[in-house]
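Along the sequence shown, residues are numbered consecutively beginning with 1. Small disclaimer: the values here were computed from a predicted structure and weren't measured.
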Amino acid sequence: MGFARTCSVALVGVEGVVVEVQADLEPGVATFTLVGLPDKSLTESRDRVRAAVVNAGADWPQRKLTVGLSPAAVPKSGSGFDLAVACAVLGAAERIDPRSIADLMMLGELGLDGRVRPVRGVLPAVLAAADAGHRQVVVAEEAVPEASLVPGVSVIGVRSLGKLIALLNDEPPPEEAPADDSGMEGLSPDGPGPERSPPVLSLHSAGWAAPGLTREPERMLDMADVAGQSTARSALEVAAAGRHHIFFGGPPGAGKTMLAERLPGLLPALTSQESLEATAVHSVAGVLPPGQPLVTRPPYCAPHHSATMASLIGGGSGLPRPGAVSMAHHGVLFLDEAAECGVRVLDAMRQPLESGHVVVARASGMMRMPARFLLVLAANPCPCGRHGMTGGGCECRPASVRRYRARLSGPLMDRVDLRVQVKPLSRSELAGLHGKAENTAAVAERVRAARERASARYVGTPWSANSDVPGHELRTRWPAEPGALSRAEEDMEHGLLTARGMDRVLRVAWTVADLAGHDRPTAQDVDWALELRTGIRRGTALSTVSAASAATPAAPRRGR
């Protein structure tokens, strides 16, 4: 009889659970039993492991074999256990020393020829291994850069099971054929594989795309390409500086999508902690491109308006997988044609917009995923897009217009800080007769300075951006100037603002003050924040936000 054990990791959402892989050999008819709540892909590992062991030059034990995955109550899925199962079997058969693998953490899929292939979720798996006290991890060669992101862990990269056997036995490594890209299933943006994410997302982070899409050139979209739209540009700057959700309404072709696509370029690079969190989500989803193991720029996710609940929030068969709200963690989630999205799908975002995470419950398990993103919504005024335009032309019935706009529910829009109507461009604006627009670098520098002011103010607190701070804290610890909130209080009395809306106006006012260099919000800062939320012009000069991007003169204040 023989017994051996080693370790691997089961992923539950974006969190890893250390699993002990045990192999036991007993006299009897040669059988292979796998227990421990495996799914279909893991059950099939019996055939993959047997073929890989034989093709690696080792003998398959002709006895009764039982492999257990502990803890048995945790659901286990995927092919990442193959390498650990094979080594546990070889240790039980005394082909390798069982003591040499007892504390090793192994992550990798085995091909029938014995090659070790990378799997998704390497970063969160290695993080879980490090938290559990493991200091050595064995992964496929292609996954070494990603696994090496975790400090304090020694990473061993192997190309084949035969090489690992030789390494553990202190033998000369076998000759191996040159590596090819056929083993990048689940990781390559172009490669097929059973673990590919559905191609329903348009992901752009550092110039790369989601599975099913070709990789795009690394080119930063420039704000200078946007003609006119001074109000919308200033609102976008406020959104970037304070991480405020924003809604763009207006007719087709006015520039709503152009503005949203340029928002990631205004955001600062991710911090070390933010990079690890975003990378962990993308690793679990299997969209990390080869050679780019770390996400350093804010991701940009733009799902089609036909996206399902599972693709947007998270879900799928078996244990849920990250959706678009998690893929945009610490980045931008853009919903173009938002009024065409399903009402239930849109309303499902209300909880993650408040909490910064999403909890997806299924019969097979529950998963908590991070979802702290900056939401950008864009919608036309009506189904034909010409409602309210000069010259008319709208053929939509009033009831149709009301139904169309009602798709964006009041509770959802109450969580959106900035609401901007994007007007059609004039011929002079399109021709650039009003001067050249600011480029992304100039606006991003102001955003960076404003964020630094906010970060310095919130040192020692759990918050880092104005959008995170509770309204009670802003009113008590960081109040606005005396009398600055008078108009906001009037709007609340007239029903134009809810209590949540009042808090959000105060948060936006602090962002406006940070951009303007004020020590605390002035009445003018609050008025501009109110205008961005309610759309009512109050005579606020846009130079409050940015002297360099001054807007057209403000209209007279609207009376009540």
Hey, mind stepping through Leu266 and Leu236 against side-chain contact (heavy atoms from CB on, under 4.5 Å) and telling me if it holds? CA-CA 9 Å; Leu266 304 182; Leu236 198 70; 4.1 Å; yes
Among side-chain atoms of Gln351 and Ser355, is any donor-acceptor pair under 3.5 angstrom? yes
Give me the atom names and distance for the closest heavy-atom approach of Tyr300 to Ala260. CE1-O, 3.7 Å
Would Leu123 and Val150 count as a side-chain contact (heavy atoms from CB on, under 4.5 Å) here? Give the steps. CA-CA 8 Å; Leu123 177 59; Val150 181; 3.7 Å; yes
Could you pull out the closest heavy-atom pair between Ala30 and Gln62, with the gap in Å? CB-OE1, 3.8 Å
CD/Gln273 to OG1/Thr271 distance, rounded to the nearest 0.5 angstrom? 7.0 Å
Rounding to 0.5 Å, atoms SG (Cys7) and CG (Leu107) come to a distance of 10.5 Å
Show the nearest heavy-atom pair for residues Ile165 and Ala56, with the distance to one decimal. CD1-CB, 4.4 Å
Relative to the ring of Phe373, is the ring of His245 parallel (under 30°), tilted (30 to 60°) or perpendicular (over 60°)? tilted
Rounded to the nearest 0.5 Å, the CE atom of Met105 sits from the CD atom of Gln136 at a distance of 11.5 Å
Using the salt bridge (Lys or Arg N to Asp or Glu O under 4.0 Å) rule, pick out the option among Arg350, Arg504, Arg500 that qualifies with Asp414. Arg500
Determine whether Ile246 and His244 satisfy the following criterion, side-chain contact (heavy atoms from CB on, under 4.5 Å), listing intermediate values before the conclusion. CA-CA 6 Å; Ile246 186 170; His244 301 290; over 6 Å; no
Validation row: Val116, Leu164 side chains within 4.5 angstrom (heavy atoms): no
Identify the two heavy atoms, one from Leu374 and one from Leu263, that lie closest to each other, and give their separation to 0.1 Å. CD2-CD2, 3.7 Å
With a 4.5 Å cut-off on side-chain heavy atoms, are Met106 and Ser8 touching? no
Testing Asn169, Leu167, Leu168 for side chain to side chain contact (heavy atoms under 4.5 Å, CB included) with Ser100, which one passes? Leu168
Could you go through the ring pair (Phe, Tyr, Trp, His ring centres under 6.0 Å) check for Trp510 and Tyr458 one step at a time? CA-CA 12 Å; Trp510 263 110; Tyr458 302 132; 7.6 Å; no
At their closest point, which heavy atom of Leu112 faces which heavy atom of Arg48, and how far apart are they? CD2-CA, 3.8 Å
Taking all atoms of both residues into account, what is the closest heavy-atom pair of Ser275 and Thr296, and its distance? OG-CA, 3.9 Å
Under the side chain to side chain contact (heavy atoms under 4.5 Å, CB included) test, which residues partner Ala449, sequence neighbours left out? Arg453
Among Ser41, Ser45, Ser79, whose side-chain hydrogen bond (donor to acceptor under 3.5 Å, both in side chains) with Glu109 holds? Ser79
If you define the side chain from C-beta out and look only at heavy atoms, does anything of Met349 sit under 4.5 Å from Leu335? yes
Checking the side chain of Ser467 only, and the main-chain atoms of Gly242 only, is there a donor and an acceptor separated by less than 3.5 Å? yes
Interatomic distance, CZ@Phe247 vs CG@Asp417, rounded to 0.5 Å, equals 14.0 Å
Counting neighbours of CD on Glu15 that are heavy atoms of other residues, nucleotides or ligands and sit closer than 6.0 Å, is the number greater than 12? no
Contact check, side chains of Leu333 and Val325, non-hydrogen atoms, under 4.5 Å: yes
Rounded to the nearest 0.5 Å, how far does CG of Leu294 lie from CG of Leu276? 6.5 Å
Could you pull out all residues at least two apart from Ala23 that satisfy side chain to side chain contact (heavy atoms under 4.5 Å, CB included)? Leu65, Val67, Ala88, Val89, Ala92
Exam field: side chain Thr6 to backbone Ile101, donor-acceptor pair closer than 3.5 Å: yes
For Arg415, is the CZ atom crowded, meaning more than 12 foreign heavy atoms sit under 6.0 Å from it? yes
Arg46 side-chain N/O to Thr43 backbone N/O, donor-acceptor pair under 3.5 Å: yes
Please report the C-alpha distance between Leu37 and Leu69 in whole Å, then the side-chain angles of each, then the deciding distance to 0.1 Å, and finally whether the side-chain contact (heavy atoms from CB on, under 4.5 Å) criterion is met. CA-CA 8 Å; Leu37 214 57; Leu69 308 176; over 6 Å; no
Under 3.5 Å: donor-acceptor pair, side chain of Ser283, backbone of Val122: yes
Counting distance only, does the side-chain N/O of Lys76 pair as donor-acceptor with the main-chain N or O of Ser70 below 3.5 Å? no
Does His134 use its side chain to pair, donor to acceptor, with the backbone of Asp103 at less than 3.5 Å? yes
Is Gln22 close to Asp24 at the side-chain level, that is, under 4.5 Å between some pair of heavy atoms? no
His330 and Pro298, any side-chain heavy atoms less than 4.5 Å apart: no
For a 4.5 angstrom cut-off between non-hydrogen side-chain atoms, does Glu277 reach Pro370? no
NZ/NE/NH1/NH2 to OD/OE distance under 4.0 Å, Asp347 and Arg344: no
Side-chain contact test, heavy atoms from C-beta onward, threshold under 4.5 Å: evaluate it for Met327 versus Val281 and give yes or no. yes
Going from NZ on Lys163 to CG on Leu161, what distance comes out if it is rounded to the nearest 0.5 angstrom? 12.5 Å
Candidate list Arg507, Arg451, Arg457, Arg448, test salt bridge (Lys or Arg N to Asp or Glu O under 4.0 Å), partner Asp514, passing option: Arg457
Just by modelled atom types, is the Arg372 backbone N or O under 3.5 Å from a matching donor or acceptor in the His329 side chain? yes
